[in-house]
Amino acid sequence: VADMMVCPLDLRRLFHRLTIASSLSIICFSLVYLLTGCCDSEKEFLANSSGKEWTATQRLPQAIIIGVKKGGTRALLEFLRLHPDIRALGSEPHFFDRHYARGMDWYRSMMPKALDGQIVMEKTPRYFVTVETPARVHAMSQDVKLIVVVRDPVTRAISDYTQIISKSPDIPPFESLAFKNRSTGQIDSLWSPLWIGLYAQHLEHWLAWFPRTQIHLVSGERLISDPAGELSKVQDFLGLQRIVTDKHFYFNKTKGFPCLKKPEGSSKPHCLGKTKGRTHAFIDPKVMQTLRDFYRPHNQRFYQMAGQDFGWQ
C-alpha cells in the first residue's frame with residue numbers, strides 16, 4: 001500500500017521537472033533561432049523592433065540643394081531636417097566644386113547614415129554657379145533631385161555684400177565695386193555678388209545635363225513669408241509625405257524671419273543664427289534702380305526658363 005501511495009507522488013514530481021525542462025528548451029531554441037536570423041521574417045521583426053538601425057548605411061545623396069548663396073539655403077535645409085525621412089549633412093562639403101579630386105568614397109564618407117527609404121541630401125550653394133559642377137553631379141547620378149533657392153538678385157547682392165563687410169570691414173563701398181564706371185553706369189557683372197544673380201546663365205548650364213523636371217526652384221521670398229507653403233512643394237518634389245507643415249513655424253517679428261517651434265532633437269524653439277535676418281548695408285536708391293534695370297532682361301529670361309514669374313521688381 002505504501003508503494004502504491006508513493007508512486008503517484010514521484011510521477012507528479014517527474015512530470016513537473018519534465019515540464020520545466022521542456023519550457024527551458026523551447027525558450028533556448030527560440031533565442032538561438034532569433035539571434036542567428038534563421039528566417040527573413042524574424043530578421044525583419046528584429047530590425048523593426050530596434051528602429052531599423054541595423055540597416056543604416058552611408059550613401060551618396062539623392063537630393064542636393066545647389067544654390068544660391070544668400071538665397072535661403074540654410075533656412076531650407078534646417079526646415080527640411082524636421083522631416084523624419086530626410087537625413088541631411090549639416091556642413092557644406094563643397095565636393096563638386098573644391099574637393100572633387102578626393103573621390104566618391106570620400107564624398108560618401110561625409111554623408112550621414114540613413115535607413116532604407118530615407119533621402120540623403122546635402123547643400124553647397126556654390127554648385128549652382130560653378131561651370132564644371134553639372135557634369136560632375138550627372139556622373140554621380142542621372143536621377144539626383146536638385147533644389148535651387150532663388151531670391152531677388154538685387155537684394156541677394158546686397159545681402160552678399162553685407163556678409164562680406166561683416167568679415168572684411170575695410171573693403172570698398174558697394175557702389176565702387178558694383179560699377180566698372182560709375183559716371184557711365186556700366187555694371188561690373190563679373191563681381192561675384194552681381195554675377196551670382198545672373199540665374200538664367202547658370203541654370204542654362206544645369207539644363208544641359210538635367211531635365212527641368214529634376215530641378216525644383218524655391219522662392220526665397222516665399223520661404224520667409226510662407227515657409228509651410230514652400231516646404232509642401234519641396235516635399236512633393238522629393239516624393240515625401242507632407243509632414244513639415246505650418247504647425248512647425250512661428251514668425252519672429254524682431255528678426256523678420258520664420259523660426260522653428262521644435263527643431264530636430266530639441267523641445268525648445270529655435271531661430272537661425274545671428275547672421276540670418278540681419279540689417280542690410282545702406283545702398284543709394286539710384287544705384288538700386290540701376291541694378292534693377294540691369295537685371296530686368298536677365299530676370300525675364302530666367303522666368304521663361306523656369307516656367308514661373310517670381311515677381312521681382
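Scope of the values below: all heavy atoms of this structure, side chains included, with no hydrogens, waters or symmetry mates. Numbers here simply count residues along the sequence, with the first being 1.
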Enquirer: Leu77 and Ile243: same hydrophobic cluster, using ILVMFWY side-chain contacts below 4.5 Å?
Expert: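 No, separate clusters.
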Enquirer: Can Arg74 and Glu78 be counted as an ion pair, charged N to O under 4.0 angstrom?
Expert: yes
Enquirer: Strictly distance-based, threshold 3.5 Å: is any side-chain N or O of His83 a donor or acceptor partner for the main-chain N or O of Gln241?
Expert: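 Yes, His83 side chain to Gln241 backbone: donor-acceptor pair under 3.5 Å.
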Enquirer: Suppose we screen for side chain to side chain donor-acceptor pair (under 3.5 Å). Which residues come up paired with Asp97, at least two apart in sequence or across chains?
Expert: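 Testing Asp97 for side chain to side chain donor-acceptor pair (under 3.5 Å), a comparison that skips the adjacent residues, returns His94.
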Enquirer: Supply the atom-to-atom distance Asn252 CG to Leu260 CG, rounded to the nearest 0.5 angstrom.
Expert: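 Rounded to the nearest 0.5 Å, the CG-CG separation comes to 11.5 Å.
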Enquirer: Can any side-chain N or O of Glu221 pair as donor or acceptor with the backbone N or O of Asp152 at less than 3.5 Å?
Expert: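 Yes; at least one donor-acceptor contact below 3.5 Å.
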Enquirer: Report yes if some heavy atom in the side chain of Leu60 is under 4.5 Å from a heavy atom in the side chain of Tyr107; otherwise report no.
Expert: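 SC-SC contact between Leu60 and Tyr107 confirmed.
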Enquirer: For a side chain to side chain contact (heavy atoms under 4.5 Å, CB included) check, start with the C-alpha distance between Val120 and Ile86, then their side-chain angles and the critical distance, and finish with the verdict.
Expert: CA-CA 6 Å; Val120 177; Ile86 288 179; over 6 Å; no
Enquirer: Any sub-3.5 Å donor-acceptor pair from Glu230's side-chain atoms to Arg222's backbone N or O?
Expert: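 Checking the backbone N and O of Arg222 against the side chain of Glu230, no donor-acceptor pair under 3.5 Å is found.
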Enquirer: Got a second to check how far Ile119's CD1 is from Leu80's CG, nearest 0.5 Å?
Expert: 9.5 Å
Enquirer: Is the distance from the ring center of Tyr100 to that of Trp106 below 6.0 Å?
Expert: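 No, ring centres 6.0 Å or more apart.
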Enquirer: Look only at the side chain of Glu122 and the backbone of Glu92, and say whether a donor-acceptor pair between them is shorter than 3.5 Å.
Expert: no
Enquirer: Taking the six-membered ring for Trp, are His202 and Trp195 closer than 6.0 Å centroid to centroid?
Expert: yes
Enquirer: Taking Arg212 for the side chain and Gly307 for the main chain, is one N or O donor matched with an acceptor at less than 3.5 Å?
Expert: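 Absent.
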Enquirer: Is the terminal nitrogen or CZ of Lys145 (NZ for Lys, CZ for Arg) located under 6.0 angstrom from the six-membered ring centre of Phe237 and within 45° of that ring's axis?
Expert: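 Yes, Lys145 lies over the aromatic ring of Phe237.
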Enquirer: Does any non-hydrogen side-chain atom of Leu146 lie less than 4.5 Å from one of His216?
Expert: no
Enquirer: Quick check: do Gln308 and Leu217 have side-chain heavy atoms less than 4.5 Å from each other?
Expert: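 In short, these two side chains touch, coming nearer than 4.5 Å.
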Enquirer: Are Lys69 and Arg126 side-chain neighbours, meaning at least one heavy-atom pair lies under 4.5 Å?
Expert: no
Enquirer: Side chains of Asn181 and Ser183: any donor to acceptor distance under 3.5 Å?
Expert: yes
Enquirer: May I ask you to decide if Val144's main-chain N or O and Ser141's side chain share a donor-acceptor pair within less than 3.5 Å?
Expert: yes
Enquirer: Does Gln58 use its side chain to pair, donor to acceptor, with the backbone of Ser109 at less than 3.5 Å?
Expert: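 Indeed, once roles are kept as given, a pair shorter than 3.5 Å links the two residues.
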Enquirer: If I compare all heavy atoms of Val149 with all of Leu76, which pair ends up nearest, and what's the gap?
Expert: CG2-CD2, 3.6 Å
Enquirer: Quick one, Gln289 and Asp293 - any side-chain contact, counting heavy atoms below 4.5 Å?
Expert: yes
Enquirer: Looking only at non-hydrogen atoms, find the nearest pair between Asp246 and Ala228 and report the distance.
Expert: N-CB, 3.4 Å
Enquirer: Can you name the nearest heavy-atom pair linking Tyr127 to Pro93, along with the distance?
Expert: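 Heavy atoms of Tyr127 and Pro93 come nearest at OH-CG, 4.1 Å.
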Enquirer: Nearest 0.5 Å please: distance from the OH atom of Tyr295 over to the CH2 atom of Trp312.
Expert: 10.5 Å
Enquirer: Is a donor on one side and an acceptor on the other found under 3.5 Å between the side chain of Trp206 and the backbone of Phe128?
Expert: yes
Enquirer: Check Ala56 against Leu115 and note the closest heavy-atom contact, atom names and distance.
Expert: CB-CD2, 3.6 Å
Enquirer: Flag the pair Arg182 and Glu175 as a salt bridge only when some basic side-chain nitrogen lies within less than 4.0 angstrom of an acidic carboxylate oxygen.
Expert: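 Looking at Arg182 and Glu175, the cut-off is not met.
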Enquirer: Kindly indicate whether the side chain of Val234, heavy atoms from C-beta on, has any atom under 4.5 Å from the side chain of Phe79.
Expert: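 Counting from C-beta outward, Val234 and Phe79 never come under 4.5 Å.
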Enquirer: Return the CG to CG distance between Asn299 and Leu198, rounded to the nearest 0.5 Å.
Expert: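 If I round to the nearest 0.5 Å, the distance is 9.0 Å.
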Enquirer: What closest approach, in Å, do Ala281 and Thr162 show between heavy atoms, and which atom pair accounts for it?
Expert: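 Reported closest heavy-atom pair: N-OG1, 3.1 Å.
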Enquirer: What is the distance from atom CD1 of Ile187 to atom CG of Leu190, rounded to the nearest 0.5 Å?
Expert: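 That separation rounds to 12.0 Å.
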Enquirer: Check the surroundings of atom CD in Gln201: do more than 12 heavy atoms from other residues, nucleotides or ligands lie under 6.0 Å from it?
Expert: yes
Enquirer: Going by side-chain contact (heavy atoms from CB on, under 4.5 Å), name the residues that satisfy it together with Ile224, two or more places apart in sequence or in a different chain.
Expert: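 Applying side-chain contact (heavy atoms from CB on, under 4.5 Å) to Ile224 gives Phe251, Phe257, Pro258.
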Enquirer: Could you measure the distance from the CG atom of Leu89 to the CZ atom of Phe95? Nearest 0.5 Å is fine.
Expert: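 Those atoms lie 13.0 Å apart.
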Enquirer: Kindly state each residue pair satisfying ring-ring contact (aromatic ring centres under 6.0 Å, His included) with at least one member in residues 129-161, sequence neighbours excluded.
Expert: His138-Trp209, His138-Phe210, Tyr161-Phe174
Enquirer: Could you please spell out the steps behind the side chain to side chain contact (heavy atoms under 4.5 Å, CB included) verdict for Ile164 and Ile171?
Expert: CA-CA 8 Å; Ile164 292 171; Ile171 68 166; 3.2 Å; yes
Enquirer: Side chain to side chain contact (heavy atoms under 4.5 Å, CB included) for Leu194 and Leu291? Distances and angles first, verdict last.
Expert: CA-CA 9 Å; Leu194 299 184; Leu291 289 175; 4.0 Å; yes
Enquirer: State whether Asp105 and Arg108 are salt-bridged, where the test is any N-O pair (Lys NZ or Arg NE/NH1/NH2 against Asp/Glu carboxylate O) under 4.0 Å.
Expert: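 Yes.
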Enquirer: Would you check if Val68 and Tyr199 make a side-chain contact, meaning some heavy-atom pair closer than 4.5 Å?
Expert: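 Sidechains of Tyr199 and Val68: in contact.
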Enquirer: Are any side-chain N or O atoms of Arg156 and backbone N or O atoms of Val150, one a donor and one an acceptor, separated by less than 3.5 Å?
Expert: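 Here the side-chain-to-backbone pair does not exist.
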Enquirer: Do the non-hydrogen side-chain atoms of Ile64 and Met121 ever get within less than 4.5 Å of each other?
Expert: no
Enquirer: Taking all non-hydrogen atoms of both residues, which atom of Pro125 and which atom of Thr73 are closest, and how far apart?
Expert: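 The pair with the smallest heavy-atom distance is CG-OG1, 3.5 Å.
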Enquirer: Short question: side chain of Ser176, backbone of Pro172 - any donor-acceptor pair under 3.5 Å?
Expert: no
Enquirer: Assess whether side chain to side chain contact (heavy atoms under 4.5 Å, CB included) is satisfied between Gln313 and Arg292, documenting all intermediate values.
Expert: CA-CA 7 Å; Gln313 297 297 319; Arg292 295 198 184 284; 4.1 Å; yes
